[in-house]
Amino acid sequence: MTTLQRPPTGTRPGVRPGVVGRAGLYAVLLANAAVVAVFFVQAGFASNALIVLGRLTGLYGALLMAFQLLLVARLPWFDRRIGMDRLTLLHRWTGFSVLWLLLAHAVFITFGYARSSALDPVNQLVDLAETTEGVLRAIVALAVIIVVGAVSARWARRRLAYETWHFIHLYTYVAVVLAFTHQVAAGTTFTSSSVAKTYWSAVWGGALAAVFAGRLVLPLWRNLRHRFRVTAVVPENDDVVSVYVTGRDLGRLPARAGQFFLWRFLTKDRWWQANPFSLSAAPDGRTLRLTAKRAGDGSAALRHLKVGTRVFAEGPYGAFTTLHRTRPDAVLIAGGVGVTPVRALLEELHGHAVVIYRVATDQDAVLHGELRELVLAKGAELHLVTGPPVPDRLAPGELARLVPDITGRDVYLCGPPPMMNAVLGSLRELGVPKPQVHFERFSLAG
Ligand SMILES: Cc1cc2nc3c(=O)[nH]c(=O)nc-3n(C[C@H](O)[C@H](O)[C@H](O)COP(=O)(O)OP(=O)(O)OC[C@H]3O[C@@H](n4cnc5c(N)ncnc54)[C@H](O)[C@@H]3O)c2cc1C
């Protein structure tokens, strides 16, 4: 074992970037929730408590819907600090809250109006749809949201191809437009105040502009600027391949080791499919490299890419970077193809690093030669742990044996879900403080 002599660098004093990012996100939400409350009170209360509740749930359901857009806008400031995986997870749970709030809105309003008329709830709903502007649009919007919610439930997600689920999910934008026009046409808060209406338009305009900028304008601009192309395709073993991509002016692409892109290779048969793959080497201003294991048709097809193929790459995304370091020294733990961002991070890390690479057999240890060279060059340490995929191979005792001072280090972890869960459990047992633990899951939508 050798140790790096360089003085520790790379840690940042002050508030952690993740905390800043989350504080920013919740500040936006809470500030708008407060403004909505003011406009709601200003509009006056209905005499019927069910209608009051119906209006409140409708307002906050819609506000959360706008917040949902911000969560998936892929704005670099939030993404670098919070990470796309956590943002999409938050989006997922907020999405279910939106669904329940809007269902509650429909039920409260229908029963509230039914109470003051002689109609039963079903006929009341039909009556509202026929006589009140925007209600029919709201019913259609709610139906769309229910379908999107149903296909996003875990059992449905597992059965649907990612692209099918994503396509259905895009209908949410139709629901957004229908819900917004319903609110400004029928919502008492907005019909009674032009200031409230202007504010609400600004909220929705801002949320849609964020999505437009983050998901369309920025990727288009970056791809026009860099014009990415495949320069080499190198098999690492029977299942894993590395793809080298170059482009114009790559030094100006703000990518960091540990981040990933959504890669769309513009071949005749696969241009419609974009897959997330991490950079498997730190970007050097000339080349980007991804290393992909065969999981389905998309990743299997990478092996047959031709040199010169045009690439549309969205990103860089992700918070699995040295921006989040809290300690001078680090432990990097990789399982299987989770080695890709770990290999890139090792290049960029300062301070002493211990790399633990967990694979079933030596043959599975892709990029092992590169890791060895880097470790030698950086005075770091490398442990290759082989054997069948049982969780206790990285049990607390084993981790403490390999890295006795693990509680004083940052831990970067990426690997298959069971291995990651086991290691996260071990780290908890060993008492590694949570802010020192950074991980990337190779799944975005939970
Ligand atoms: C942040 C991140 C980084 C990743 N980095 C690597 C890496 O460096 N090397 C590697 O081998 N694998 C990586 N993966 C996993 C890789 O993205 C999937 O194995 C690949 O997309 C599978 O696509 P497929 O068409 O071959 O298989 P499919 O059968 O089409 O997909 C298999 C599963 O992959 C996931 N998936 C497919 N497309 C997408 C998408 N556009 N967005 C989100 N999830 C999707 C879905 O969960 C899907 O069910 C990463 C995943 C994520 C989320």
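Worth saying up front: this structure is predicted, and the values here are computed from it rather than measured. Along the sequence shown, the residues carry numbers beginning at 1. Numbering of ligands and ligand atoms starts at 1, following listing order.
- Counting atoms of ligand 1 from 1 in the listed order, those under 4.0 Å from a heavy atom of S299 are 24 (P), 25 (O), 26 (O).
- Taking 4.0 Å as the cut-off, Q273 counts as a neighbour of ligand 1 on heavy-atom distance.
- At least one N or O atom of G296, backbone or side chain, sits closer than 3.5 Å to an N or O atom of ligand 1.
- Among P276, C414, A292, the residue whose heavy atom sits closest to atom 43 (C) of ligand 1 is P276.
- Using the six-membered ring where Trp is involved, F180 and W204 have ring planes that are tilted, between 30° and 60° apart.
- Of the inter-residue distances, the one linking E314 atom CD with W263 atom CH2 reads 11.5 Å to the nearest 0.5 angstrom.
- Checking V339, D239, L160, T291 against atom 9 (N) of ligand 1, the nearest heavy atom belongs to T291.
- Contact annotation for Y162 and ligand 1: only side-chain heavy atoms (C-beta onward) come within less than 4.0 Å of the ligand.
- Ion pairing between a basic and an acidic side chain is recognised when a charged N comes within 4.0 Å of a carboxylate O; E236 and R303 show no such pairing.
- Near K293, the atoms of ligand 1 lying under 4.0 angstrom from a non-hydrogen atom of the residue are 10 (C), 11 (O).
- At a threshold of 4.0 Å, the pair D79-R74 does not count as salt-bridged, since none of the basic side-chain nitrogens sits closer than that to a carboxylate oxygen.
- At a heavy-atom distance under 4.0 Å, only backbone atoms of A274 (N, CA, C or O) approach ligand 1.
- Residues forming a side-chain contact (heavy atoms from CB on, under 4.5 Å) with L218 (at least two apart in sequence, or on another chain): P76, W221, R222.
- Under 4.0 Å from ligand 1, not a single heavy atom of M84 appears.
- The closest heavy-atom contact to atom 12 (N) of ligand 1, among the options F277, F261, W263, comes from F277.
- With distances taken over non-hydrogen atoms, the option nearest atom 20 (C) of ligand 1 out of T340, D85, L290, N275 is N275.
- Looking at D329 and R327, no side-chain N of the basic residue comes within less than 4.0 Å of a carboxylate O on the acidic one, giving no salt bridge.
- Checked against the 6.0 Å centroid criterion, the rings of F277 and F260 do not qualify as a close aromatic pair.
- Each of the following atoms of ligand 1 lies closer than 4.0 Å to a heavy atom of F260: 1 (C).
- Side-chain N/O atoms of H438 and D410 include a donor and acceptor closer than 3.5 Å.
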